[in-house]
Q: 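Mind having a look at this structure? Questions to follow.
If you're wondering where the values come from, they're calculated on a predicted model, not measured in any experiment.
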Amino acid sequence: MKKAVFPGSFDPLTNGHLDIIERAAALFDEVVVAVGKNTNKQGLFQPEERLELAKAAVAHLSNVTVGQIDGLTVDYMEKIGAQYIIRGLRNCKDFEYERDIAGVNSVLDDVETVLLFAKPENQNISSSMVKEISKLSSNRLAAFVPPVVVKALQSHFE
């Protein structure tokens, strides 16, 4: 059984994230969306909120679950028996970052990183950009995030 982990802070989960999750679900027997904390950023949603939003966004995918990750991705993977890390690429900056992280992860443990390219309509979407748009106009979010996330962002900024 091929089990993959898609780690991220998902603060918030975007349509770009969801597209990568859906495509990974078609490639692997099981995909775990591993919601973690980015120690370099100030979070908008609490970890529990991000978990619930991710669960709601992937509810239509029978082979996708959501878990919380605290610590190294490779340690979490070992704990749940996953062999693959899924990452999405929007641009060449993402590639350089993901290449370096994949190299470190392969030294830490015997894991394989699978990179999926973002579809053109998702290449400019980032959680940071979504948060900025939300602050200014929460009624223009549908192109960027799933409906459950639109509602959460609107509630947060009202």
Side-chain angles (χ1 to χ4, degrees), residues 4-28 30-73 76-77 80 82 84-102 104-105 113-158:
V5 170
F6 183 38
S9 58
F10 306 110
D11 188 35
L13 186 131
T14 68
N15 287 340
H17 294 132
L18 187 56
D19 176 61
I20 296 294
I21 295 165
E22 290 171 340
R23 290 167 47 209
L27 296 172
F28 295 93
E30 185 178 349
V31 176
V32 179
V33 177
V35 178
K37 182 179 181 184
N38 185 335
T39 57
N40 296 321
K41 293 183 181 177
Q42 176 68 31
L44 177 65
F45 291 107
Q46 294 299 314
E48 301 79 24
E49 292 174 296
R50 291 185 281 123
L51 276 169
E52 292 308 313
L53 290 171
K55 285 177 184 177
V58 302
H60 66 288
L61 300 168
S62 63
N63 64 332
V64 176
T65 59
V66 178
Q68 187 168 1
I69 183 172
D70 294 309
L72 294 175
T73 300
Y76 182 75
M77 293 175 67
I80 66 167
Y84 303 92
I85 299 173
I86 302 297
R87 299 299 293 159
L89 295 180
R90 295 170 296 171
N91 53 44
C92 59
K93 284 195 277 186
D94 281 357
F95 172 77
E96 290 177 359
Y97 176 78
E98 296 301 342
R99 177 201 58 207
D100 294 348
I101 296 297
V104 169
N105 284 332
T113 300
V114 177
L115 303 173
L116 298 176
F117 290 97
K119 290 184 177 177
E121 62 268 24
N122 297 322
Q123 288 177 348
N124 296 313
I125 301 173
S126 70
S127 293
S128 299
M129 187 177 296
V130 166
K131 286 185 260 192
E132 188 64 25
I133 293 168
S134 298
K135 291 176 191 175
L136 302 172
S137 178
S138 65
N139 63 343
R140 295 182 176 260
L141 295 169
F144 305 106
V145 296
V148 67
V149 177
V150 170
K151 289 177 185 173
L153 286 165
Q154 288 172 334
S155 295
H156 188 82
F157 288 108
E158 286 181 346

Q: Heavy atoms only: give me the nearest Asp94-Gly88 pair and the separation to one decimal.
A: OD2-O, 4.2 Å
Q: Minimum heavy-atom separation for Lys131 to Pro12, with atom names?
A: CG-CD, 3.9 Å
Q: Would you say Val35 and Ile69 make side-chain contact, with heavy atoms under 4.5 Å?
A: no
Q: Is it the case that atom CG in Asn124 sees more than 12 heavy atoms from other parts of the structure closer than 6.0 Å?
A: no
Q: Applying salt bridge (Lys or Arg N to Asp or Glu O under 4.0 Å) to Arg99 and Glu96, what does each step give before you reach the verdict?
A: CA-CA 5 Å; Arg99 177 201 58 207; Glu96 290 177 359; 5.4 Å; no
Q: Please name the pair of heavy atoms, one in Pro146 and one in Asn15, separated by the smallest distance, quoted to 0.1 Å.
A: N-OD1, 3.0 Å
Q: Keeping the roles fixed (side chain from Arg50, backbone from Phe45), state whether a donor-acceptor pair exists under 3.5 Å.
A: yes
Q: Can Lys37 and Asp70 be counted as an ion pair, charged N to O under 4.0 angstrom?
A: no
Q: Short question: side chain of Asn105, backbone of Thr113 - any donor-acceptor pair under 3.5 Å?
A: no
Q: Taking the side chain as every heavy atom from C-beta outward, state whether Leu89 and Glu98 have any pair of such atoms under 4.5 Å apart.
A: yes
Q: Just verifying a value: how many Å separate Met129 CE and Thr14 OG1, rounded to the nearest 0.5 Å?
A: 11.0 Å
Q: For the residue pair Pro7 and Ile85, what are the closest heavy atoms and their distance?
A: CD-CG2, 3.9 Å
Q: What distance separates Ser9 OG from Leu44 CG, expressed to the nearest 0.5 Å?
A: 10.5 Å
Q: Can you tell if the side chain of Leu53 reaches within under 4.5 Å of the side chain of Leu13, non-hydrogen atoms only?
A: no
Q: How many angstroms lie between atom CD1 of Ile21 and atom CG of Leu61, to the nearest 0.5 angstrom?
A: 8.0 Å
Q: Minimum heavy-atom separation for Ala34 and Val5, please, with both atom names.
A: CB-CG1, 3.7 Å
Q: In Å, rounded to the nearest 0.5 Å, how long is the span from CD of Gln123 to CZ of Phe117?
A: 9.5 Å
Q: May I ask you to decide if Ile125's main-chain N or O and Arg90's side chain share a donor-acceptor pair within less than 3.5 Å?
A: yes
Q: Among Asn122, Val58, Val145, whose side chain to side chain contact (heavy atoms under 4.5 Å, CB included) with Leu18 holds?
A: Val58
Q: Roughly how far, to the nearest 0.5 Å, is CZ of Arg87 from CD1 of Ile20?
A: 9.5 Å
Q: For Glu49 and His156, what are the C-alpha separation, side-chain angles and deciding distance, and is it a side chain to side chain donor-acceptor pair (under 3.5 Å)?
A: CA-CA 11 Å; Glu49 292 174 296; His156 188 82; 5.5 Å; no
Q: Measure the spacing between OG of Ser126 and CZ of Phe144 and express it to the nearest 0.5 Å.
A: 9.5 Å
Q: Spell out, as yes or no, whether a donor-acceptor pair under 3.5 Å connects the side chain of Thr65 to the backbone of Val32.
A: no
Q: Does Lys151 NZ have over 12 foreign heavy atoms under 6.0 Å away?
A: no
Q: Is any side-chain heavy atom of Ser134 less than 4.5 Å from a side-chain heavy atom of Arg140?
A: no
Q: Kindly assign one of parallel, tilted or perpendicular to the pair Tyr84 and Phe28, based on the angle between their ring planes and the thresholds 30° and 60°.
A: tilted
